[in-house]
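Below: one structure, written as structure tokens.
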Number of protein chains: 2
Amino acid sequence: MSRVANGIRSTGHPLSGNLFTELQSDILRGRLKQGEKLSEQQICDRYGLSRTPVREAFRQLELEGLIETIPNRGAYVLGLSERDLSDLFEMRKAYEVLAVKWAIERITEEEQEKLEEAYEFMEFYTMKGEADKMLNINMQFHNLIYKASHNRMLEHTLSTYQLYLKETESNSAYLDGHLEQVLMEHKKIFDAFVSKDPEAGAVAVAAHLDNAKARSK
Amino acid sequence: MSRVANGIRSTGHPLSGNLFTELQSDILRGRLKQGEKLSEQQICDRYGLSRTPVREAFRQLELEGLIETIPNRGAYVLGLSERDLSDLFEMRKAYEVLAVKWAIERITEEEQEKLEEAYEFMEFYTMKGEADKMLNINMQFHNLIYKASHNRMLEHTLSTYQLYLKETESNSAYLDGHLEQVLMEHKKIFDAFVSKDPEAGAVAVAAHLDNAKARSK
DNA sequence: AATTGTATTCTTGTATACAATTATAGGCGT
DNA sequence: ACGCCTATAATTGTATACAAGAATACAATT
């Protein structure tokens, strides 16, 4: 089955299944600006597709709140303001707390093994001081928790938020010089999985995200 | 502008803009069952539409997590389990708390007037003992808070959750005999708007939703 | 000069046609 | 009878064609 994380389908045409993702990224990165009109034909020409897949992508972007479509008039980019992003961080925190609680209650053995493996990679990269690899494994660690929560909507929403924050933030090296600190925060989270203590996990995740926000400033 | 609450567009054809809503409702109400295959042609025949609008609706349902589509194979109903709904309630609570906090900080005068008006209707219907009208105004009251949070995504998500829980729950008369209690809970929420105390609002909303969950059992 | 009415053009909404992939059924051999 | 292969049918993915509504330009009138 060729299904990828975010429910993105990869089909024959090189861009068809990814058009939604492509436009999403363009909006989040600011390549498409607030208020800009998105003509279907224009997108067709740019990506070499017909209107059918373009319209499907538009409907999805509309549902995600990234564009607004007015009947018989067209689609307009909405984008995210600074406050939207700040809000998104809080929304993410609220859901991460739920996710870790449920994950600790519901995680399977295989999933916990993968989480342990991810944590061990974090230890390794911290030792080696590789901040960029740390960023990647950090994302994986959190995604494993989302999956272990065994709630499709929560998993999907948190993955989307992660993408939004990743695409917009300039967190290229925001954890340089904080690697040990970050590792310690994840250790507390992982420990909560070992001791099967949802409340401890919730506290650890909330603290981790608060610190992450402070670091990104 | 003919745009409705949930971003639903109403166009020429009687069902086109509502097909997504229609299928959403069918899945939530259990008319379309878990695992059932959704053939595009079958939906076209049933609703008298061509495949283009049907596919657009499918893409949206997929994004909402109500169906799963496998490339070149088709769409399958996912539906919501008992645990999913219980989880949804918790997710809603987490977001309602954020919404009320932000709403208290950001509400405009006009919005607060509308909220007050809604609350006064609640007092009126409580006095008259009209439980069904109370259910409606209750929804409106919460929707006004969502809107006053001035965060599109939060507003949209909470509206969707409200729909999900409303469509699935059999809360026809779950607040019969609890009208005074429900009114009191909303008074505490509204008071927090008057005194502009976000934390008090958060506490009041959390308590209200916990009680609502207890009542629905 | 400003405004209103109209015709034209452009864009979206929907339907249909074609291509590609997958499922199915029947025949063949073992 | 069972499994495998091939041919056919069915379904999805994409492109194009047609219909309906909105925006624009322009002329006529005040």
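Letters A, B, ... mirror the listed sequences (proteins, then strands); counts begin at 1.
Using the six-membered ring where Trp is involved, B:His208 and B:His142 have ring planes that are parallel, under 30° apart on the 30 and 60° scheme.
Among residues two or more places apart in sequence or in another chain, the salt bridge (charged side-chain N to carboxylate O under 4.0 Å, His left out) test is passed with B:Glu40 by B:Arg51, B:Arg55. In terms of the ring-ring contact (aromatic ring centres under 6.0 Å, His included) criterion, B:Tyr161 has no residue partners (sequence neighbours excluded).
For the pair A:Leu49 CG and C:dA19 P, the interatomic distance rounds to 18 Å; values are reported in whole Å. If you take CD of A:Glu56 and C1' of D:dT14, they are 9 Å apart, rounded to a whole angstrom. The distance between atom CD of B:Gln42 and atom P of D:dA10, rounded to the nearest whole Å, is 15 Å.
B:Arg215 and B:Glu185 are joined by a salt bridge, as a carboxylate oxygen and a charged side-chain nitrogen come within less than 4.0 angstrom of each other.
Counting only residues at least two apart or in different chains, salt bridge (Lys or Arg N to Asp or Glu O under 4.0 Å) contacts with residues 84-106 of chain B comprise A:Asp87-B:Arg106, A:Arg106-B:Asp87, B:Glu90-B:Lys213, B:Arg92-B:Glu96, B:Lys93-B:Asp210, B:Lys101-B:Glu199.
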Got a list of protein N/O to nucleotides 7-12 of chain C N/O distances below 3.5 Å?
{"unit_1": "C:dT12", "atom_1": "OP2", "unit_2": "A:Glu40", "atom_2": "N", "d": "3.4"}
{"unit_1": "C:dT12", "atom_1": "O3'", "unit_2": "A:Asn72", "atom_2": "N", "d": "3.3"}

- Message: Show, in sequence, the C-alpha distance, side-chain angles and deciding distance for B:Arg59 and B:Glu62, and conclude whether the salt bridge (charged side-chain N to carboxylate O under 4.0 Å, His left out) test is met.
- Response: CA-CA 5 Å; B:Arg59 289 296 90 74; B:Glu62 183 182 19; 3.3 Å; yes

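Between B:Tyr95 and A:Tyr95, the ring centre distance stays below 6.0 Å.
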Donor-acceptor pairs under 3.5 Å, side chain of residues 117-125 of chain B to any protein atom, not counting sequence neighbours: which ones?
none

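Comparing the start and finish of the helix from C:dA1-D:dT30 to C:dT30-D:dA1, five pairs each, the helix axis swings through 0°, to the nearest 10 degrees.
Side-chain N/O atoms of B:Ser50 include one lying less than 4.0 angstrom from OP1 or OP2 on C:dA15.
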